[in-house]
Amino acid sequence: MHVKMKSLLFFFMPVWMATTQGDPANDLQARKSPVGIYSEIRDLVLPGTMLETRPLQQDTEIILRITATRPHGSSFRYDLSYCGLQQGEFDLCDYLQRKDGTSTDDLARLSVKFEGVLAADRLQPNSPGAGKLPRIGGYWNMLIIAGIIWVICPLILLLIKRRRKGQSNTSSGDPEDIADRLHPLVEAARDGRLGTAGQAKLERSLIGFWRDRLNLQCETPVTALAEIRQHKEAGLLLEQLEDWLHKPNPQSPVDLEVLLEPYRNAAGKTKECIDQ
Amino acid sequence: MDKEEKVTEFIENIRTRVGTVVVGQDQVVERLLIALFTSGHILLQGMPGLAKTLLVNALGKAIHLEFSRVQFTVDLLPADILGSEILDQSSATFTTRKGPVFTNLLLADEINRAAPKVQGALLEAMQERKVTLGDETYRLPVPFLVIATQNPIEQSGTFELPEAQLDRFMLCHRLDYPDVDEEEEILKRNLDLGIQKEGQGAVANTEFDIVSDEPVGGAEDLNNAIDQTHRVHVSEVFIKHVVELVGRTRTHPSIELGGSPRAGIALIKGARARAMIHGRNYAVPDDLFALAEDVLLHRIRLNYEALAEGLTAADILNEILREMG
């Protein structure tokens, strides 16, 4: 008897395993998913005509999608994807309907169970705490302050620029400025108190000044210097400097005021050089 | 007539004499005189047909100086310029044959066509003013002035003079084409050259045929001019200008190789001679500005960035001179 039971079990076991393994509905009974996580069922054969999902309702417990439909003899084989929005056990067939409008009562139950991760008594999310304001005074006040700065800053810059311009106009309009600044330098150059480097710099500065003033920038330096020498006003002080700085025996008695006369009402490079 | 007046007259006569055969090259005549009065050497750079050879020929004859011309070619040897020792088979002794370098005025035509060893031999003679042939060392005649020429456009088959050798030329003057009026005058003069008959034949005269062999001055006049040049006063302020200019060529961002101290010396020497030629006994910044190009341009080398931007050494030098003054 014992041997007969064993042989029967050996004979029927593969048949039972084949029948149970090929039925996914049986698998679903054990299937559990967390709320909010999608799960899939592949190659689920459901009898009858073609099925589709029912339109979603606002308070639906499950979102169910048919991702693939393939013919399977007189039935169809489906791939399903579903996601539970509430805890509990539900029948997926409740969310399916036939395309031809016939009843789905002939479908076996497709149970799925969704488990929540929150405690059972936790029904609502935590209420958010009161946040801190990003800046003192709030967003709108910040906007107003930024707007005021936006308007005032250019005005301040404009005023500074105008004031500087006014100052430079005043200084260049000063008829005695350059001549007065040159006076002690020329006097020192005459008396040999300026130093060789200072004398050389003064001479070069005057050449540069007259080249700018006579618009000789485009000329070659040789031509420009020749024209400066020939110029009635420019030549005066340069010739005298030549006498003092380069001649072996300079003759000094000259009227500095006459020499500096062309430098009155003048502005230019010399002023910058003198300032240095 | 005192010494200064004699020198002035001598210079004026040279200019007039050269002016009778060469039109519109006053500046190059001045540069030649500067080189002659300061015992420097000059490199003339210009296109063919700008009367470089005629100019030097006329200058040589005007001052009654010995004049030699060497056409530099690729197969020229140092012995062709300096001279050599020749074996006299009858007496079985070596006799010295001096080369064309033993002259007062040597025109080295197209110097960049000769091989570097020939250039080196000449430039060494220029520097040391003596030549060694065999065991003997011979001093070159006084005055000794080398006027070299080179063509700026033909570069194939030439050996460019390196900066170190260019530095030995006190001046490098770039000749320009004459202006319209001067060119018309050249053509008119050429029409009146006429012909010369010899025996039964006749040949058209060239400009060289009308250069007078009668000198306007001799060695004494030249010595006076050299002496007078050395008396020209150079102020400390002028030296400051020179140092400033040469220094700026060394620190300019576009220049790789600036002016050497020899450039500064050449500027001062040249300024002295120019001042003397212009009737002054002191140098002024005008002399410096006028000679800056001829003294400095061949001594400075631009860096790659400046060359890539299409700048020339003349542009940079003009910029420096403008910044200075």
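By convention in this document, chain letters (A, B, ...) are assigned in the order of the sequence lines, proteins followed by strands, and residues within each chain are numbered from 1.
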Within-4.5 Å side-chain heavy-atom neighbours: A/R229 and B/P285: yes

Inter-residue atom distance B/R322.CZ - A/C218.SG, 0.5 Å rounding: 7.5 Å

Winner by heavy-atom pair count (cut-off under 4.5 Å) against chain A, out of B/V284, B/D286, B/L321: B/D286

Per-residue contact mode, A/Q217 against chain B (heavy atom under 4.5 angstrom): backbone

Point-to-point distance, once rounded to the nearest 0.5 Å, from OG of B/S235 to NZ of A/K247: 12.5 Å

Contact origin within B/E244 toward chain A - heavy atom pairs under 4.5 Å: side chain

Geometric class of the B/H241/A/H246 ring pair [parallel <30°, tilted 30-60°, perpendicular >60°]: tilted

Option that, when pairs with chain B are counted at under 4.5 Å, heavy atom only, ranks first among A/L225, A/T220, A/I207: A/L225

Enclosure of A/R162 CZ (heavy-atom neighbours >12, cutoff 6.0 Å): no

Heavy atoms of other groups near B/K269 NZ, more than 12 under 6.0 Å: no

Between CE on residue B/M324 and NZ on residue A/K201, distance to nearest 0.5 Å: 12.5 Å

Approximate separation, where rounding is to 0.5 Å, of A/T196 OG1 and B/K240 NZ: 6.0 Å

From A/D243 atom CG to B/Y282 atom OH, the distance as rounded to the nearest 0.5 Å: 7.0 Å

Spacing of B/N318 atom CG and A/E219 atom CD [to the nearest 0.5 Å]: 11.0 Å

Flag if over 12 foreign heavy atoms under 6.0 Å of CD, A/Q86: yes

Neighbour count above 12 (heavy atom, 6.0 Å) for B/R262 CZ: yes

